[in-house]
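Quick note: residue numbers are just sequence positions, from 1.
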Amino acid sequence: LEIEKILEKEKEKSIKILFSKTIIKEIQSESIIEVAEDKAKKAFDIVKKPVIVEDDGLFIEDLNEFPGVYSSFVFKTIGNKGILDLLKDNENRRAYFLSIFSFFDGKIVETFSGETTGYITTKIFPEGWGFDPIFKTENENKTYGQLNFLKKNEISHRSIGLRKFLEWYKQKYY
């Protein structure tokens with residue numbers, strides 16, 4: 001939904017994206033770029049068409065960038081409460097979301113990133129999904145979850161990465 005709305009806002013009617021919920025086994029890597037590029041190649045092998053794959057993570061400064069590439073697993077296992085417990089006595093709560101889009105057309109891999117900096121709150125706010133209820137961006141006084149959908153889409157790491165991809169794609173394929 002986020003990607004569709006970004007394309008709509010960018011008035012990109014010429015790019016048609018079909019979504020495929022496909023389970024792809026991730027490689028074990030500490031590099032989110034390696035994970036996304038490998039998933040793009042595996043997705044291409046399945047659909048036999050050019051693909052973009054998005055992977056993202058929450059990186060917390062005082063936890064040595066944890067959970068990072070393991071964000072999905074960490075959310076499933078300890079959730080937002082677990083993250084707040086890990087940071088309970090920390091004054092430094094700086095963090096960032098990083099989104100990686102990898103494109104693969106069977107020959108070339110191109111990767112684009114988007115980042116949003118902010119910090120981890122001291123409590124869980126009820127709105128949003130994933131880590132959105134505990135992440136506030138630098139320039140907003142609300143968590144990602146509290147922002148309305150359109151505002152989040154303007155500033156999110158995902159929208160930044162996708163816009164970089166779109167700019168490259170239009171130059172390369174038009």
Side-chain angles (χ1 to χ4, degrees), residues 1-27 29-60 65 67-72 75 94-119 127-140 142-174:
L1 188 57
E2 286 180 68
I3 291 170
E4 287 175 337
K5 291 296 181 191
I6 293 166
L7 290 173
E8 191 176 288
K9 186 172 193 283
E10 296 292 315
K11 297 178 178 42
E12 276 307 331
K13 296 189 187 319
S14 59
I15 296 175
K16 300 292 182 218
I17 294 182
L18 302 172
F19 295 91
S20 175
K21 187 166 178 86
T22 306
I23 297 172
I24 297 173
K25 187 169 183 156
E26 286 187 9
I27 60 169
S29 174
E30 292 186 21
S31 167
I32 196 167
I33 293 172
E34 286 179 9
V35 171
E37 288 178 349
D38 183 71
K39 284 178 17 180
K41 290 174 183 175
K42 289 175 179 171
F44 179 85
D45 287 343
I46 294 168
V47 300
K48 308 290 190 223
K49 293 180 182 178
V51 297
I52 57 171
V53 170
E54 191 263 349
D55 205 346
D56 61 10
L58 173 66
F59 296 77
I60 302 171
E65 309 293 296
V69 72
Y70 309 107
S71 292
S72 180
F75 182 76
R94 300 222 21 92
Y96 63 94
F97 269 113
L98 177 64
S99 177
I100 302 294
F101 281 89
S102 287
F103 169 87
F104 186 60
D105 65 359
K107 295 178 184 161
I108 62 165
V109 175
E110 289 289 333
T111 299
F112 309 87
S113 65
E115 184 177 311
T116 304
T117 58
Y119 63 93
E127 299 91 355
W129 59 277
F131 294 116
D132 288 3
I134 63 168
F135 180 78
K136 283 189 180 181
T137 67
E138 279 183 349
N139 301 319
E140 296 292 330
K142 295 179 178 180
T143 65
Y144 256 5
Q146 292 173 307
L147 294 173
N148 74 48
F149 186 76
L150 294 176
K151 179 64 177 176
K152 181 186 174 195
N153 251 6
E154 283 178 23
I155 64 171
S156 79
H157 53 293
R158 188 167 290 114
S159 67
I160 294 167
L162 182 61
R163 285 186 183 100
K164 288 178 183 178
F165 162 74
L166 291 172
E167 186 178 309
W168 171 83
Y169 186 84
K170 287 189 284 189
Q171 290 175 1
K172 178 86 175 164
Y173 289 92
Y174 285 157

Worksheet item: Looking at F44 and K49, what are the two nearest heavy atoms and their distance?
Response: CD1-O, 2.9 Å
Worksheet item: Distance from D56 atom CG to S72 atom OG, nearest 0.5 Å?
Response: 9.0 Å
Item to complete: Report the C-alpha separation of I155 and L147 in whole Å, then their side-chain angles, then the decisive distance to 0.1 Å, and conclude whether the side-chain contact (heavy atoms from CB on, under 4.5 Å) test is met.
Response: CA-CA 10 Å; I155 64 171; L147 294 173; 3.7 Å; yes
Worksheet entry | Between CD1 on residue I100 and CD on residue E115, distance to nearest 0.5 Å | 9.0 Å
Item to complete: Can you see which heavy atom on D55 is nearest to which on A36, and at what distance?
Response: CB-CB, 4.1 Å
Response to the item:
Closest non-hydrogen contact found for D132 with K152 is OD2-NZ, 2.7 Å
Worksheet item: Any idea how F97 and F131 line up, ring-wise: parallel (<30°), tilted (30 to 60°), or perpendicular (>60°)?
Response: tilted
Discussion item. When you measure from the side chain of S71 to the backbone of G57, do you find a donor-acceptor pair of N or O atoms at a distance under 3.5 Å?
Written reply: no
Worksheet entry | Side-chain donor-acceptor contact under 3.5 Å, E54 with S99 | yes
Discussion item. As an exercise, state the distance from CG of N148 to CD of E154, rounded to the nearest 0.5 Å.
Written reply: 8.0 Å
Worksheet item: Between S29 and V69, what is the shortest heavy-atom contact and its length?
Response: O-CG1, 3.4 Å
Practice prompt. May I ask you to decide whether R94 forms a salt bridge with E138, counting only side-chain N to carboxylate O separations under 4.0 Å?
Written response: yes
Worksheet, complete the sentence: Rounded to the nearest 0.5 Å, the CD1 atom of I160 sits from the OG1 atom of T116 at a distance of 4.0 Å
Discussion item. Measuring from atom OG of S102 to atom CD1 of I33, what distance do you get when rounded to the nearest 0.5 angstrom?
Written reply: 7.5 Å
Item to complete: Of all the heavy-atom pairs spanning P67 and L58, show the shortest one and how long it is.
Response: CD-O, 3.2 Å
Worksheet entry | Separation between CG of D45 and CD1 of I24, rounded to the nearest 0.5 Å | 9.0 Å
Discussion item. Under a 3.5 Å distance rule, please check whether K42 uses its side chain to pair with a backbone N or O of K25 as donor and acceptor.
Written reply: yes
Worksheet item: Would you say K164 has more than 12 foreign heavy atoms packed within less than 6.0 Å of its NZ?
Response: yes
Worksheet item: Do the ring centers of F101 and F112 come within less than 6.0 Å of each other?
Response: no
Worksheet item: Hey, what's the ring geometry for F135 with Y144, parallel, tilted or perpendicular (30° and 60° as the breaks)?
Response: perpendicular
Worksheet item: Hey, is E140 close enough to K151 for a salt bridge, meaning N to O under 4.0 Å?
Response: yes
Worksheet item: Closest heavy-atom contact between F104 and K41?
Response: CD2-CA, 3.7 Å
Worksheet item: Does E127 offer a backbone N or O that forms a donor-acceptor pair with the side chain of T143 under 3.5 Å?
Response: no
Worksheet item: Would a 4.5 Å heavy-atom cut-off, applied to side chains only, mark K172 and D105 as touching?
Response: no
